[in-house]
Amino acid sequence: MSSTIPASYSPPIRNPTKKPIQNTNLCLLLLCNHLQEAKQIHALMIKSSQISDAYSASRLTEFYAVSDNGSLKYAEKVFNSVEEPGTFIWNTLIRGSLNKKKPHKAILLYDRMLCQSIEQDHFTFTFILKACTQLLALAIGRQLHAQIVKQGLEYSGFVRNKLIHLYAICGLIIDARKLFDTSTELDIVTWNSMLEGYADNKDGESLHQLFDRMPVRDGVSWNTMIAYYVQVGDFKDAIEMFRQMQDDGERPNRVTFISVLSAVAQLGALAQGRWVHTYIGKHRIELDENLGSALINMYAKCGCLDGAIQAFHETSQKNVDTWNAMISGLAANGQSLKALKFFLKMELSGVWPNEITFSCVLNACSHGGLVEDGLRYFRKMKDVYGIEPDIAHYGCMVDLFGRAGLFDKAEEIIGKMPMKPDAVMLKALLGACRIHRNIEMGERAGLQLIELAPYDHASYVLLSNIYAMGDKWDQVHKVRKTMWERGIRKPPGCSSVELDGVVHEFVVGDITHSRKKQVYEMLDEMGERLKLAGYEPDTKQVLLDIDEEEVRQTSLGHHSEKLAIAFGFISTSPGTTVRVMKNIRVCSDCHSAIKLLSNIYNRDIIVRDSNRFHHFRNGSCSCMDYW
DNA sequence: TTAGGGTTAG
């Protein structure tokens, strides 16, 4: 539709009010798609004095307030022109404020409604309770509850469901449950509201009990369950729930796939992710910005950049999140220059970057050792885009300078920034100190880190490594002792490989896998061939390991990533890329060994550790030995 | 005139 309305324009008219519409202006309003068109009708209404008609004014307010292309400002203008606005038009304005993500405004309007003694109905309470839920405004919600009881509206299904939702989300799960149990009519939304409450409160047991008791389940019920598992980090259970959903005959939708793709990404289960991608294509589900971002993220987290780029191009509407997913995916996979190219494309496409974009861009610079570019973008974010750097951005800069060995610059940044360094920043600095053997600064940063993150095993490991590097063995033992006394343990290393949609997991010295015999035979062969290639185990790395049990296993060369690679080698045909996902950082001994293995066996090996990706090919790694 | 579910950086 053009910006003007041609007289001959008469497509079929939608009429949700089911009232006969005789008024031309209102008919046209129903066809409006753009704000500009609504404004033209608005002008016609003013000209013909139709605006003083309460029904017409309320319809126009509704368009402005509720439609995607509306404007709350104009809704208020019409509202203000009505002499005595009734409950409907007040409700519409409250609803509009919610739609435009302004719950505070909705509550202020309700307050004005009370002051002016405007009658409230169950619609008013439905909307205003939603505002309270969004704001977690429990005190106001309780007052509303009293008001609702006073007005005899407590048994209205809509109002009750909203009250259950409010109490559950605010953590008052017992109050929510009381309302649930005393409801005369339990519809699917009541069940789902309660279900979401348990999921939100991470009460898995009650969640399951309720889910099992549900007489009917719909897509929302299943999606709530899947999202719960993703939130608590049980990614395998999330996928299992998705399978059950399909067995139950419930069709997955966009929301389902966003959660499922997140689980797949965390597991690094590329085959399952590809299946989802095919399903989306087959069922013509539109790749909007959210689903597109989830898909890009999945491919990137599985180390499959071709897939990520394809998903990026297939995403119909690209917003800042879509671009961020792509840029961060490239940066994490060691494609720094490509990440910066994408940032330039983003700027050209007219999408405005946000603070996350600059985190990704600066991250790309630090991972790629691009000091000049990093400095340029750090300035640009403030000067051109008006984004004040936060702790994450300063952290990237410290990482950037640290990696390049420019410790003066790193200290200068820390001294000048308006906040104290956080654990992420100190870890980056310690990493740099390790690479450049800056023991003095490493010790200072390490002690500060332990003070800041006393329950994080990494704090102790990093400081211990720095001391070991300086041959300060007394200090190494002291740090280890403190760590043990405080009951802090390094989590066991765990690596996984996906084969035909099944994720195979290996821990250090694993003897539980059904093909363990072949895996260990392969491991022996790998050891022999590594020796022939001149590989010598990094015994210092072995000594540095904090966990005594792991030291024993490490000396045998049975680190989980090596087991996973051995399994990958025996389970796939020669030349196939082996993808390994690891829960903690890859150790430097394994890193050296895998570089050689990629050459010896002529295989691409991709290892995703807790920090970044390592693409091993022809004896070298994409991280350029810096991680 | 009305309700419920979601991810994405490091």
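Residue numbers start from 1 in every chain, and the chains themselves are labelled A, B, ... in the order their sequence lines are given, proteins ahead of strands.
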Quiz item: Thinking salt bridges, do A:K318 and A:E289 make one under a 4.0 Å N-O criterion?
Solution: no

Quiz prompt | A:N297, nearest nucleotide to its side chain (from B:dA9, B:dT2, B:dT7) | solution = B:dA9

Exercise. Measure the distance from CG on A:L429 to C1' on B:dG10 and round it to the nearest whole Å.
Key: 16 Å

Self-check item: From B:dG5, B:dG10, B:dA3, nucleotide with atom closest to A:V220 side chain
Solution: B:dG5

Practice problem: Consider the side chain of A:F123, meaning its heavy atoms from C-beta on, and name the nucleotide among B:dG10, B:dG5, B:dT1 that approaches it most closely. | Solution: B:dT1

Quiz item: Just how far, in rounded Å, is C1' of B:dG5 from CZ of A:R217?
Solution: 16 Å

Quiz item: How many Å lie between CG on A:N99 and P on B:dA3, as a whole number?
Solution: 8 Å

Self-check item: Of the listed nucleotides B:dT2, B:dG6, B:dT8, the one nearest the side chain of A:R95
Solution: B:dT2

Quiz item: Within this structure, what is the CG-to-P distance between A:L295 and B:dT7, rounded to whole angstrom?
Solution: 16 Å

Exercise. Check whether any side-chain nitrogen or oxygen of A:K162 sits under 4.0 Å from OP1 or OP2 of B:dT2, and answer yes or no.
Key: no

Quiz item: Of the candidate nucleotides B:dT1, B:dT7, B:dG5, which contains the atom at the shortest distance from the side chain of A:N290?
Solution: B:dT7

Quiz item: Looking at the side chain of A:D321, which of B:dG10, B:dG5, B:dT8 is the nearest nucleotide?
Solution: B:dT8

Let me check something: any side-chain donor-acceptor pairs from residues 229-248 of chain A under 3.5 Å, sequence neighbours excluded? List them with distances.
unit_1: A:Y229; atom_1: OH; unit_2: A:H208; atom_2: NE2; d: 2.3

Which pairs of donor and acceptor atoms, one on a side chain in residues 304-313 of chain A, lie under 3.5 Å apart (sequence neighbours left out)?
unit_1: A:Q310; atom_1: NE2; unit_2: A:E314; atom_2: OE2; d: 2.7

Quiz item: Under 4.0 Å: is that the gap between some side-chain N or O of A:T224 and OP1 or OP2 of B:dG4?
Solution: no

Quiz item: Between A:K301 and B:dA9, is there a side-chain N or O to OP1/OP2 distance below 4.0 Å?
Solution: yes

Quiz item: Of the candidate nucleotides B:dG5, B:dT2, B:dA9, which contains the atom at the shortest distance from the side chain of A:F158?
Solution: B:dT2

Quiz item: Does OP1 or OP2 of B:dG10 have a side-chain N or O of A:N363 closer than 4.0 Å?
Solution: yes

Practice problem: To the nearest Å, give me how far apart CG (A:L287) and C1' (B:dT7) are. | Solution: 13 Å

Quiz item: OP1 or OP2 of B:dG5 sitting under 4.0 Å from any side-chain N/O of A:H165?
Solution: yes

Self-check item: Nucleotide nearest A:E196 when distance is taken to its side chain, options B:dA9, B:dG5, B:dG6
Solution: B:dG5

Quiz item: What about A:D218, does its side chain sit under 3.5 Å from the base of B:dG4 through a donor-acceptor pair?
Solution: yes

Quiz item: When the distance from CZ of A:F88 to P of B:dT1 is rounded to whole Å, what number comes out?
Solution: 7 Å

Practice problem: Please work out whether the ring planes of A:F358 and A:F343 are parallel, tilted or perpendicular, with thresholds of 30° and 60°. | Solution: perpendicular

Practice problem: Ignoring backbone atoms, test whether A:Q266 places a side-chain nitrogen or oxygen under 4.0 Å from the OP1 or OP2 oxygen of B:dT8. | Solution: yes

Exercise. With the side chain of A:V255 defined as its heavy atoms from C-beta on, choose the nearest nucleotide among B:dG6, B:dA3, B:dT1.
Key: B:dG6

Quiz item: Salt-bridged, A:E62 to A:R95, with N to O below 4.0 Å?
Solution: yes

Quiz prompt | Shortest side-chain distance from A:F127, nucleotide among B:dA3, B:dG6, B:dT2 | solution = B:dT2

Quiz item: How long is the line joining CG of A:L195 and P of B:dG5, in whole Å?
Solution: 11 Å

Quiz prompt | Pairing of A:D181 and A:K178 as salt bridge, 4.0 angstrom limit | solution = no

